There are 2 protein chains.
Amino acid sequence: MDNRENILSVALRLFSSSGYDSVGVQEIVDEAGITKPTLYHYFGSKRGLLDALLEKHFSALLTSVREAASYQGDLPLTLQKVVEAFFQFVKQQKDFYRMQLAMCFSGPESETLEASSRYNRELILILEEMFLKASGDHGNMKGRHKRYAFTFLGIINNYITLYLGNHITLDSREAFLAVHQFSHGIYS
Amino acid sequence: MDNRENILSVALRLFSSSGYDSVGVQEIVDEAGITKPTLYHYFGSKRGLLDALLEKHFSALLTSVREAASYQGDLPLTLQKVVEAFFQFVKQQKDFYRMQLAMCFSGPESETLEASSRYNRELILILEEMFLKASGDHGNMKGRHKRYAFTFLGIINNYITLYLGNHITLDSREAFLAVHQFSHGIYS
DNA sequence: TTTTTACTATACCGATCGGTATATTGGCTA
DNA sequence: TAGCCAATATACCGATCGGTATAGTAAAAA
């Protein structure tokens with residue numbers, strides 16, 4: 001078993017269930033069955049381990065969402081694709097998305113927000129660009145792309161939160177409902 | 001200045017900006033200009049301090065929302081009142097709501113979730129009861145009160161999050177938009 | 001006046017924090 | 001074979017963690 005990957009998966013599990021700040025490096029290496037110098041060899045610091053975790057999973061999410069968000073004239077279809085891209089990712093990386101959501105909402109001075117903010121900015125930027133292009137075909141959307149991006153992501157995260165609390169399953173029907181709920185805010 | 005209240009306000013500021021786990025008791029007492037035994041005299045433990053903070057502010061929020069959520073035949077009006085109760089509270093207790101949101105999304109094994117979950121359960125219960133009563137007058141709502149409560153609170157928290165990031169201001173118009181967005185999910 | 005009680009400071013506790021100096025191992029390269 | 005380098009362990013670092021034993025003070029109650 002590869003030590004580096006093992007450390008990453010143990011850290012993800014612990015961070016997502018107890019929070020980055022309350023998990024000690026000692027706890028991670030104990031659970032991984034190794035010692036500290038091994039962890040520090042691969043990641044340099046606790047923060048470096050967090051950064052590696054974020055980079056690994058966010059790059060997959062961003063790629064997937066970027067592809068889904070490529071607007072080509074049909075906004076409802078694009079929105080549906082984006083939601084399903086999120087749902088697909090979350091179903092595969094439940095723990096990671098739980099951790100990432102917690103980081104989004106952590107305090108403005110926290111290390112976790114600082115580490116994750118650039119990825120969330122990128123995510124928002126992708127959505128903004130999608131809405132910006134779409135507003136060329138929908139005059140009443142002009143100048144609102146930033147707000148649409150935030151609101152859309154917010155609705156998606158609501159559904160994901162329901163999923164993480166085992167209240168719903170993430171299927172195409174739920175994705176449709178999410179798009180529908182959001183769309184009402186645009187077209188009326 | 002009263003020591004107890006001073007500790008509470010310093011702790012709230014630090015917890016909300018850096019996170020409960022990453023703030024040490026020493027840091028709190030230094031900022032408050034006192035020493036540890038004083039803090040431990042009033043609150044018994046760091047966790048006791050957190051509990052006191054939650055109790056103090058949540059009791060105000062719950063009272064306010066409970067009153068707004070008393071359904072008396074006009075659901076849109078009731079929803080509007082509830083949203084405005086949240087908005088009013090958040091405008092006065094920005095830091096507290098930021099901290100409470102962070103706790104909502106903290107890991108399932110975290111101390112912060114354990115400390116705050118009962119208050120959020122109570123909040124959800126109030127909303128559930130409101131939707132349950134309303135479903136007596138709206139047949140198509142039957143059996144969905146739990147989900148409505150989660151979704152409604154989710155939308156409210158989306159707007160509050162936008163406010164905390166200085167993207168919008170919380171006024172009656174925004175409250176109306178929140179109600180409108182939610183209502184679409186019910187009536188269609 | 002004496003006693004009690006609430007409050008606060010000094011100084012300290014063992015445990016854990018993130019991180020590292022040093023040494024050893026094993027495999028690949030020159 | 002000689003040398004190098006990635007990878008790992010033992011043992012340790014100073015700092016900080018949450019928490020407390022002890023003592024003092026000041027005000028209220030007896």
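Hydrogens, waters and symmetry mates are skipped; everything else that's a heavy atom, side chains included, is used. Since we're looking at a predicted model, the values are computed, not measured.
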- Taking the side chain as every heavy atom from C-beta outward, state whether A:Phe131 and A:Tyr71 have any atom pair closer than 4.5 Å. no
- Query: Taking the side chain of B:Tyr42 as heavy atoms from C-beta outward, which of D:dA9, C:dT8, D:dG18 is closest to it?
  - Reply: C:dT8
- Message: Do A:Tyr20 and A:Leu53 make a side-chain contact, defined as non-hydrogen atoms from C-beta onward lying under 4.5 Å apart?
- Response: no
- Query: Roughly, in whole Å, what's the span from OH in B:Tyr40 to C1' in C:dA6?
  - Reply: 20 Å
- Message: When you measure from the side-chain N and O atoms of A:Thr38 to the phosphate of D:dA9, is any distance below 4.0 Å, counting only OP1 and OP2?
- Response: yes
- Nucleotide D:dG19, atom P - distance to CZ of B:Phe43 in whole Å: 14 Å
- Query: Is any NZ, NE, NH1 or NH2 atom of the basic residue among A:Glu84 and A:Arg173 found under 4.0 Å from an Asp or Glu carboxylate oxygen of the other?
  - Reply: no
- Query: Do the side-chain N or O atoms of A:Asn3 get closer than 4.0 angstrom to the phosphate oxygens (OP1, OP2) of D:dA7?
  - Reply: no
- Task: Starting at atom CD1 of A:Ile28, determine the distance to atom C1' of C:dT16, rounded to an integer number of angstrom.
- Result: 14 Å
- Query: Nearest nucleotide by nearest heavy atom, which residue falls closer to the 5' end of DNA chain C, A:Glu27 or A:Gly44?
  - Reply: A:Glu27
- Message: What is the distance, to the nearest angstrom, from the NZ atom on B:Lys36 to the C1' atom on C:dC7?
- Response: 18 Å
- Message: Just the rounded figure in Å: distance from P of C:dC7 to CG of B:Leu39.
- Response: 14 Å
- Query: Where the side chain of A:Thr35 is defined as all heavy atoms beyond and including C-beta, which of D:dT10, D:dG18, C:dA9 is the nearest nucleotide?
  - Reply: D:dT10
- Mapping B:Gly24 and B:Pro37 onto DNA chain D by nearest heavy atom, which one lands closer to the 5' end? B:Gly24
- Query: Roughly, in whole Å, what's the span from NZ in B:Lys46 to C1' in C:dT16?
  - Reply: 13 Å
- May I ask you to say what B:Val29 touches in the nucleic acid, namely base, sugar-phosphate or nothing, with a heavy-atom cut-off under 4.0 Å? nothing
- Query: Distance only, no hydrogens: is a donor on one side chain within 3.5 Å (strictly under) of an acceptor on the other, for B:Asn158 and B:Gln181?
  - Reply: no
- Query: Between atom CG in B:Asp30 and atom P in D:dG18, what is the gap in whole Å?
  - Reply: 12 Å
- Nucleotide nearest A:Gln26 when distance is taken to its side chain, options D:dG19, C:dT8, C:dC17: C:dC17
- Message: Quick check with a 6.0 Å cut-off and a 45 degree axis cone: is B:Lys94 positioned over the face of B:Tyr163's six-membered ring?
- Response: yes
- Item | Any A:His41 side-chain N or O less than 4.0 Å from OP1/OP2 of D:dA7 | yes
- Task: Take the protein atom CG of B:Asp21 and the nucleotide atom C1' of D:dG18, then report the distance between them rounded to whole Å.
- Result: 12 Å
